Amino acid sequence: MDSVDRRSFIKTVAGAAALAAGDFDARAAESGGPVFLSTWEHGKPANDRAAEVFKSGASLLDAIEKGINVPENDPNVMSVGYGGLPNEEGMVELDAAIMDGTRHRAGAVASLHNIKNPISVARQVLEKTKHTTMAGEGAFRFALRTGFKPEQLLTPESLKRWLEWKAKPERETFWLSASNHDTIGMVGTDGRGHVVSGCSTSGLAWKIPGRVGDSPLVGCGVYADDNVGAASATGDGDLMTNYCTSISIVHYMARGMSPQDACAALLQHVADSDPANRAGFVCVIAISNKGEVGAASMNSKFRLKYALWRDGQSQLLDSVVLY
Ligand code: SD4
């Protein structure tokens, strides 16, 4: 398929997926209710919690933060928060960010250790400081000063996995070889034009200590602008950071693309700029300020399942795949 054909193919597939995700979209745009869109299976309970918090009268920022707390607190989700797989030295280092589309401001933490809920620390950075991103020891000390309790984040299961990995003489490391994942990214709208983007992860398992992925970087793992919409990403942060995925998607939307087309266009750009990226692990989600949604994956080897909450219905759907 030449690239022009591929582009129209993507448009068609993306269009079909947008339809599949619902008359739903059209209805929500009309009904104007809240919408929550998250990455992976663990996004479903996260969306459900976000919707519950929002319905109780809390803000959209509160809803997204509390929603993301669900996989952070779940020891069985081994890529986020408590129970997340550690770095190569056996230390769990967490990255998270939350961005408010109204104030056009974010709070973020990178390489945070011993604190279970990095998205909540990121929220404190947003609300209580003039800073945007805090990292490492400073982020940890900031968390203690704002009331968080230090905790052991390794669970018996994540410790066991790390010991098994350490024991393998032929183990994969990030000294120029890689792979393994699964972050929570969540975007949402209140149904009245306000959007928020949040993201939380333990990053790549066995990463080199101090490595910062895309998730806590504004414009990469999160971006939100009430004038347009919001986006988030999951996958190989070392690749995605170089494409500023979330802001790029929102900019495509600002130029008139639907969230679905904007997600596909970003992936196409990543693939076109280097054909090797077609094999990369890159998945993205987006929402417009009207509540239309989009989700796409670079390839079928790492295909995003995304969770959508709209009109009281909570669904798990397969994203469009480019390659
Ligand atoms: C990272 N993007 O640290 C994160 C990992 C991830 O699905 O999203 N995995 O690179």
Side-chain angles (χ1 to χ4, degrees), residues 6-7 10-11 13-15 17-18 21 25 29 35-40 43 64 97-101 104 106 108 183-189 193-199 201 213-274 277-278 280-299 302-308 317 319-323:
R6 175 165 282 285
R7 282 205 181 88
I10 288 162
K11 273 201 123 170
V13 174
D25 256 4
V35 183
F36 297 96
L37 174 68
S38 295
T39 56
W40 308 114
I64 300 262
I98 188 161
M99 184 160 184
D100 175 359
H104 208 91
T183 290
I184 177 140
M186 185 189 288
V187 291
T189 178
H194 173 37
V195 291
V196 168
S197 174
C199 194
T201 188
D214 60 314
S215 307
L217 304 179
V218 176
C220 297
V222 294
Y223 199 71
D225 180 347
D226 282 3
N227 293 306
V228 184
S232 186
T234 175
D236 178 353
D238 295 307
L239 169 60
M240 292 190 292
T241 294
N242 296 300
Y243 289 90
C244 299
T245 40
S246 292
I247 191 171
S248 300
I249 290 167
V250 172
H251 281 177
Y252 282 126
M253 287 160 61
R255 281 186 244 136
M257 284 191 197
S258 68
Q260 186 58 53
D261 285 349
C263 287
L266 179 275
L267 295 184
Q268 191 64 63
H269 168 65
V270 173
D272 287 350
S273 73
D274 181 351
N277 290 340
R278 293 176 189 182
F281 293 161
V282 183
C283 305
V284 290
I285 57 172
I287 193 165
S288 74
N289 57 6
K290 295 192 190 65
E292 304 139 326
V293 300
S297 308
M298 181 66 85
N299 59 62
F302 191 68
R303 184 175 191 178
L304 178 67
K305 272 201 182 303
Y306 66 99
L308 178 63
L317 301 160
S319 73
V320 166
V321 173
L322 262 67
Y323 293 96

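Only a predicted model underlies this, so the values are computations on that prediction, with no experimental measurement involved.
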Roughly how far apart are [X] [atom1] and [Y] [atom2], rounded to 0.5 Å?
X	Y	atom1	atom2	result
Q268	N277	CD	CG	11.5 Å
T39	K305	OG1	NZ	13.5 Å
L37	T189	CG	OG1	11.5 Å
D272	L267	CG	CG	10.5 Å
L266	T245	CG	OG1	6.0 Å
M240	S246	CE	OG	8.0 Å

Tell me whether [X] contacts the main-chain N or O of [Y] through its side chain, where contact means a donor paired with an acceptor under 3.5 Å.
X	Y	value
D236	V282	no
S297	L304	yes
S319	Y306	no
T183	G185	no
S197	A231	yes

Shortest non-hydrogen contact from [X] to [Y]?
X	Y	value
D226	N289	O-ND2, 2.9 Å
A296	Q260	CB-NE2, 4.3 Å
A264	L322	O-CD2, 3.9 Å
D238	N242	O-ND2, 2.7 Å
I285	C263	C-SG, 4.0 Å
A230	M253	N-CE, 4.5 Å

Only residue of V187, D100, V195, V196 satisfying side chain to side chain contact (heavy atoms under 4.5 Å, CB included) with I64 is V196
Do T234 and C283 have side chains that approach each other closer than 4.5 Å (heavy atoms only, starting at C-beta)?
yes
- Task: Indicate yes or no: at least one non-hydrogen side-chain atom of V35 is less than 4.5 angstrom from one of L308.
- Result: yes
Could you go through V228 and H251, starting from their C-alpha distance and side-chain angles, then the distance that decides it, and tell me whether this counts as side chain to side chain contact (heavy atoms under 4.5 Å, CB included)? CA-CA 8 Å; V228 184; H251 281 177; over 6 Å; no
| query | In terms of the angle between their ring planes, are F302 and F281 parallel, tilted or perpendicular, with boundaries placed at 30° and 60°? | reply | parallel
